There are 2 protein chains.
Amino acid sequence: MVTTTARDSDLASALVQTMHRLQDLHAETSRPLGLTPQQAHLLCVLISGPLGMTELSRILSIERSSLTSMVDRLERRDLVARVASPTDRRACRIELTAAGKDLAHQCHDAVVDRIRDLTSELPAATRQTLTKALQSILAQ
Amino acid sequence: MVTTTARDSDLASALVQTMHRLQDLHAETSRPLGLTPQQAHLLCVLISGPLGMTELSRILSIERSSLTSMVDRLERRDLVARVASPTDRRACRIELTAAGKDLAHQCHDAVVDRIRDLTSELPAATRQTLTKALQSILAQ
DNA sequence: TATTGTTATACTCTATAACTATA
DNA sequence: TATAGTTATAGAGTATAACAATA
């Protein structure tokens, strides 16, 4: 039987290429805001609230020691602040400053806008299917 | 009208999160092979044939000067080779050595396997829709 | 003059290992 | 003893600017 059925590797390949495309897009939107993609990611993760170093390193998938220097650089620019934990004197919480919050939202909005452009030509039903499929992948 | 219609930002958010997930997965598959994700990307791009520095830098979205040092490191490990262009004495072609070709295929296969695991629970029709949607995004 | 690629430099990202302070 | 976070160190990724050689 010969059909136009997609192979597994077509989906894998499409996903990998999409990843690279989105990475580029992410870099292009961060840069004019004076941020590396990694810094933009960190700031955006903090939008939903302050986090400790250990939890933040887990979310960003980097070692705590790597995070220390990232936070140092952002703190020097007054985009984040280390706040002492009231309950654990070893720990601190990283939180966005007012300037950091503003920049984080700019990053977030810029990326969402760019992606909206990329996906705007898809039919609504396809967008729906795409969204649900990706969410189910992410839920694993 | 109140429905469960997904917002644009849900799709954008799902795409961004998928990007991060795939980045992690890519890093996890490259690392045991002794490669950074960027090195793995470079090797995989060369699977389809040798490329000049300028074209390779365009494909990887990095400056040529950044690429020079990446190629230096890979060449020192005998994974790629600089071959003089026969037609342009300024230019060179970067090509995979036998070891580089082997490693590139290992990288490629490892990523495809991991992604297949991620997507294996989706219905065939959804996989098809997903693949076509991503391909149409990439075609832009 | 324009293009190909490299060199020099500076900064960021990242991991590993060893460490301090607190729980 | 275990955990939170930092320091020290080394290597890799990246951009900018200036450069050499060739087209």
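Predicted, not measured: the structure shown is a model, and the values here were computed from it. Every chain is numbered from 1 and lettered A, B, ... according to where its sequence line falls, protein lines coming before strand lines.
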Rounded off to whole Å, could you give me the [atom1]-to-[atom2] distance for the [X] and [N] pair?
| X | N | atom1 | atom2 | answer |
| --- | --- | --- | --- | --- |
| B:Gln23 | D:dG13 | CD | P | 15 Å |
| B:Leu56 | C:dT6 | CG | P | 11 Å |
| B:Arg82 | C:dG5 | CZ | C1' | 9 Å |
| B:Met70 | C:dT12 | CE | P | 20 Å |
| A:Asp72 | D:dT7 | CG | C1' | 10 Å |
| B:Glu63 | C:dA10 | CD | P | 19 Å |
| B:Leu42 | D:dA12 | CG | P | 14 Å |
| B:Leu67 | C:dT6 | CG | C1' | 11 Å |

Just checking [X]: base, sugar-phosphate only, or nothing, at a heavy-atom cut-off of under 4.0 Å?
| X | value |
| --- | --- |
| A:Ser69 | base |
| B:Gln38 | sugar-phosphate |
| B:Arg93 | nothing |
| B:Ser65 | base |

**Message:** Measuring from the side chain of B:Thr68 (C-beta onward, heavy atoms only), which nucleotide among C:dT7, C:dC13, D:dA4 has the closest atom?
**Reply:**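 Among C:dT7, C:dC13, D:dA4, the one nearest the side chain of B:Thr68 is C:dT7.
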**Item:** Candidates D:dA4, C:dG5, C:dT14 - which lies nearest the side chain of A:Thr54
**Value:**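 Looking only at side-chain atoms, A:Thr54 lies closest to D:dA4.
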**Message:** Taking the basic N atoms (NZ, or NE/NH1/NH2) and the acidic carboxylate oxygens, is any pair closer than 4.0 Å for A:Asp113 and A:Arg116?
**Reply:**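 A salt bridge is present here (some side-chain N lies under 4.0 Å from a carboxylate O).
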**Message:** Any salt bridge linking A:Asp72 with A:Arg82? Criterion: basic side-chain nitrogen under 4.0 Å from a carboxylate oxygen.
**Reply:**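 Judged by the 4.0 Å cut-off on N to carboxylate O distance, A:Asp72 and A:Arg82 do form a salt bridge.
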Would you tell me if any nitrogen or oxygen in the side chain of [X] comes within less than 4.0 Å of OP1 or OP2 on [N]?
| X | N | value |
| --- | --- | --- |
| A:Arg31 | D:dT16 | yes |
| A:Arg58 | D:dT3 | no |
| A:Ser66 | C:dT14 | no |

**Request:** Please test B:Val45 against B:Ile59 for side chain to side chain contact (heavy atoms under 4.5 Å, CB included), starting from the C-alpha separation and ending with a verdict.
**Result:** CA-CA 8 Å; B:Val45 163; B:Ile59 293 172; 4.0 Å; yes
**Prompt:** Between B:His26 and A:His20, what is the ring plane arrangement, given parallel below 30°, perpendicular above 60°, and tilted in between?
**Reply:**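 Correct class here is perpendicular.
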**Message:** Walk along nucleotides 18-23 of chain C from 5' to 3' and tag each nucleotide B, S or - by protein heavy-atom contact under 4.0 Å, base first, then sugar-phosphate.
**Reply:** ---BBS
**Request:** Please tell me which of B:Glu55 and A:Ile62 maps to the more 5' nucleotide of DNA chain C, matching each residue to the nucleotide holding its nearest heavy atom.
**Result:**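 On the 5' side of the pair lies B:Glu55.
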**Request:** Just do the side chain to side chain contact (heavy atoms under 4.5 Å, CB included) check on A:Leu15 and B:Leu118 with the steps written out, would you?
**Result:** CA-CA 11 Å; A:Leu15 280 167; B:Leu118 265 188; over 6 Å; no
**Gap between atom SG of B:Cys92 and atom CZ of B:Arg90 - 0.5 Å precision** =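 Answer rounded to 0.5 Å: 12.0 Å.
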**Asked** Taking atom CD1 of B:Ile137 and atom OG1 of A:Thr126, what is their separation to the nearest 0.5 Å?
**Response**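 Answer for the CD1-OG1 pair, B:Ile137 versus A:Thr126, is 10.0 Å.
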**Message:** Determine whether B:Lys101 and B:Ile47 satisfy the following criterion, side chain to side chain contact (heavy atoms under 4.5 Å, CB included), listing intermediate values before the conclusion.
**Reply:** CA-CA 7 Å; B:Lys101 209 169 292 188; B:Ile47 286 179; 5.9 Å; no
